[in-house]
Amino acid sequence: MNNFYEYSFYLFFICLELILLFIGRNEKKPFLTYIALIIAILISGFRSGIGADYFMYERNFANIYKLSDFKNFPNLEPLYLLSNYIFKILGISFNGLLFFFSLITIIPLFWGLKKISPNPEFSFFLFIITNYYFISLNQIRQVIALSFFILSLHFLNDSKKTKYWFVNTVGLLFHYSAIITFSIYFIEKTKSFFTQKKLILVFFLSLLLSKFVEPILIRLVGFILPSFYADYLLSDFFLEKNNIAFLKLIFPSTIFFYSIYYWKEIEKQSSKFYLVFFIFSLGIFYYNIFYGKSIFIRPGFYFDICTIVWIPMLGSIMNKINRNILYISSIIYFICLLYLTIFIMSGQGVVPYKSILKF
């Protein structure tokens, strides 16, 4: 368990980001928003020795000298390995590689938020407090893929299939879990089938199906995937149930039913509203079925991350009082969850913060 001093740096960072993003948005001073983005990049890019997987990434970098070395990493993705190789032959250090990874996490993410979210500044703040920023300090490759997925959402909304597939192929070549984004492309085509009542029905069905579907899929993992992936995913770590995970379901489920209440307003909005709400809802259904086991948490990120877009969208169709209630309650809930999982319970291994700048 960490003490206050060890995570106080992150608390200061969160407060600073909130102030910069709030003023940048409300006072129409975009340079403050870009300062907030730069600070987030610098904190991520200048980190050293933090994150449960940090030293694994450092070893990978140390052991790649030529393209033929890629065969020594059969379970790692081509663009990730190629990035290591290019930085190695250019004589740039591992810390330089981390800074590059920080850039290609934050920049595509905010670019995508600018295109799809009615309030990209608040969406970016939600990215920080919903844990995803802190996850990016450890699970580097997948959060890069998630950022490219957010970037691709407006292509999905505009039916630009080739661009959607291309952007997510880039994500896939950084983390294979991005294969989920291709299934989202086809699942999204069914969204017109789901009326208000059908979505409510699926919500309750997802709660009932948990005990039946989960063990079946665990067996399928062992049957379908190559042995080195199956052995990895079916290890005790990935199959252990995290009983705190149910806390992550409470507020998003509340948002789901709050959204259902505003159904008639949602129907009046542009197609991207229902697209994001539909993917957000899929995340609710997914975690109702699979909550708590690490083997299923990561695939669900591609649905769940749409929370950072949907909350500002939902707020945009509310009156000012209800919007403020939604935003403030979201901030309180997610910061409390962040405090418990990342700061107190040392999730992702990022506390205390350490930097190559030695401050």
Side-chain angles (χ1 to χ4, degrees), residues 70 73-84 86 100-117 120 123-124 126-127 130-133 135-136 138-192 221 224-226 229 233 270-287 290 295-310 313:
F70 289 13
F73 305 93
N75 59 331
L76 294 178
E77 298 80 5
L79 273 183
Y80 162 70
L81 293 172
L82 184 61
S83 301
N84 279 262
I86 291 172
F100 169 70
F101 286 153
S102 299
L103 287 173
I104 63 170
T105 298
I106 301 299
I107 293 175
L109 173 77
F110 193 72
W111 185 9
L113 292 175
K114 288 276 286 184
K115 291 179 178 295
I116 196 78
S117 174
S123 287
F124 185 73
L126 288 173
F127 172 76
T130 53
N131 286 13
Y132 283 106
Y133 178 78
I135 292 171
S136 76
N138 179 39
Q139 298 173 23
I140 299 170
R141 295 163 12 249
Q142 183 169 13
V143 183
I144 291 172
L146 287 168
S147 294
F148 278 95
F149 172 61
I150 291 294
L151 177 60
S152 75
L153 281 177
H154 77 283
F155 294 130
L156 183 60
N157 179 63
D158 295 340
S159 299
K160 295 178 179 178
K161 179 175 70 172
T162 302
K163 292 182 178 179
Y164 176 84
W165 285 57
F166 173 76
V167 172
N168 283 299
T169 297
V170 174
L172 179 69
L173 295 175
F174 273 103
H175 201 268
Y176 290 138
S177 66
I179 192 70
I180 296 292
T181 63
F182 297 105
S183 68
I184 289 174
Y185 174 82
F186 294 105
I187 296 171
E188 182 270 338
K189 301 301 180 187
T190 69
K191 67 180 185 294
S192 59
V221 166
I224 295 174
L225 293 182
Y229 270 125
L233 292 174
S270 63
S271 60
K272 70 179 181 180
F273 265 72
Y274 190 63
L275 167 68
V276 174
F277 174 58
F278 183 66
I279 299 174
F280 164 79
S281 300
L282 291 176
I284 302 295
F285 307 151
Y286 179 91
Y287 282 125
F290 300 119
I295 185 175
F296 296 120
I297 289 175
R298 288 195 180 190
F301 283 171
Y302 294 92
F303 306 107
D304 180 66
I305 199 169
C306 286
T307 302
I308 72 174
V309 181
W310 177 243
M313 278 188 167

Supply the atom-to-atom distance Ile140 CD1 to Ser102 OG, rounded to the nearest 0.5 angstrom. 7.5 Å
Minimum side-chain heavy-atom gap Phe303-Phe285 below 4.5 Å: no
According to salt bridge (Lys or Arg N to Asp or Glu O under 4.0 Å), does anything in residues 167-179 pair up with another residue at least two apart or in another chain? List the pairs. none
Value rounded to 0.5 Å, distance of CG in Leu79 from CG in Leu82: 6.5 Å
Kindly write out the residues that satisfy side-chain contact (heavy atoms from CB on, under 4.5 Å) with Ile179, not counting sequence neighbours, or none if the list is empty. Leu172, Phe182
Output the distance between atom CH2 (Trp310) and atom CD1 (Ile116), rounded to the nearest 0.5 Å. 11.0 Å
Is there a donor in the side chain of Asp304 and an acceptor in the side chain of Tyr286, or the other way round, less than 3.5 Å apart? no
With sequence neighbours left out, the residues meeting side-chain hydrogen bond (donor to acceptor under 3.5 Å, both in side chains) with Tyr133 are none
Does Ser123 reach the main-chain N or O of Ile308 with its side chain, forming a donor-acceptor pair under 3.5 Å? yes
OG/Ser177 to CD1/Ile297 distance, rounded to the nearest 0.5 angstrom? 13.0 Å
Are any of the side-chain heavy atoms of Thr307 and Leu126 separated by less than 4.5 Å? no
Should the heavy atoms of other residues, nucleotides or ligands under 6.0 Å from NZ of Lys191 be counted, would the total exceed 12? yes
To the nearest 0.5 Å, tell me how far Asn168 CG sits from Phe149 CZ. 6.5 Å
Just so I know, are the side chains of Ser183 and Ile180 near enough to count as touching, which here means a heavy-atom distance under 4.5 Å? yes
side-chain hydrogen bond (donor to acceptor under 3.5 Å, both in side chains) with Gln139: which residues, sequence neighbours excluded? Arg298, Gln348
Enumerate, atom names and distances included, each donor-acceptor pair closer than 3.5 Å involving a side-chain atom of residues 156-166, sequence neighbours excluded.
| unit_1 | atom_1 | unit_2 | atom_2 | d |
| --- | --- | --- | --- | --- |
| Asn157 | OD1 | Ser271 | OG | 2.8 |
| Asn157 | OD1 | Lys272 | N | 3.0 |
| Tyr164 | OH | Thr181 | O | 2.6 |

Rounding to 0.5 Å, atoms NE2 (His175) and CG (Leu76) come to a distance of 9.0 Å
Would you confirm whether Tyr302, through its side chain, and Ala178, through its main-chain N or O, come within 3.5 Å as a donor-acceptor pair? yes
Ring-plane angle category for Phe127 and Phe124, please: parallel below 30°, perpendicular beyond 60°, tilted otherwise. parallel
Output a table of donor-acceptor pairs, distance under 3.5 Å, between side-chain atoms of residues 104-113 and any protein atom two or more places apart or on a different chain; print 'none' if there are none.
| unit_1 | atom_1 | unit_2 | atom_2 | d |
| --- | --- | --- | --- | --- |
| Thr105 | OG1 | Phe101 | O | 2.8 |

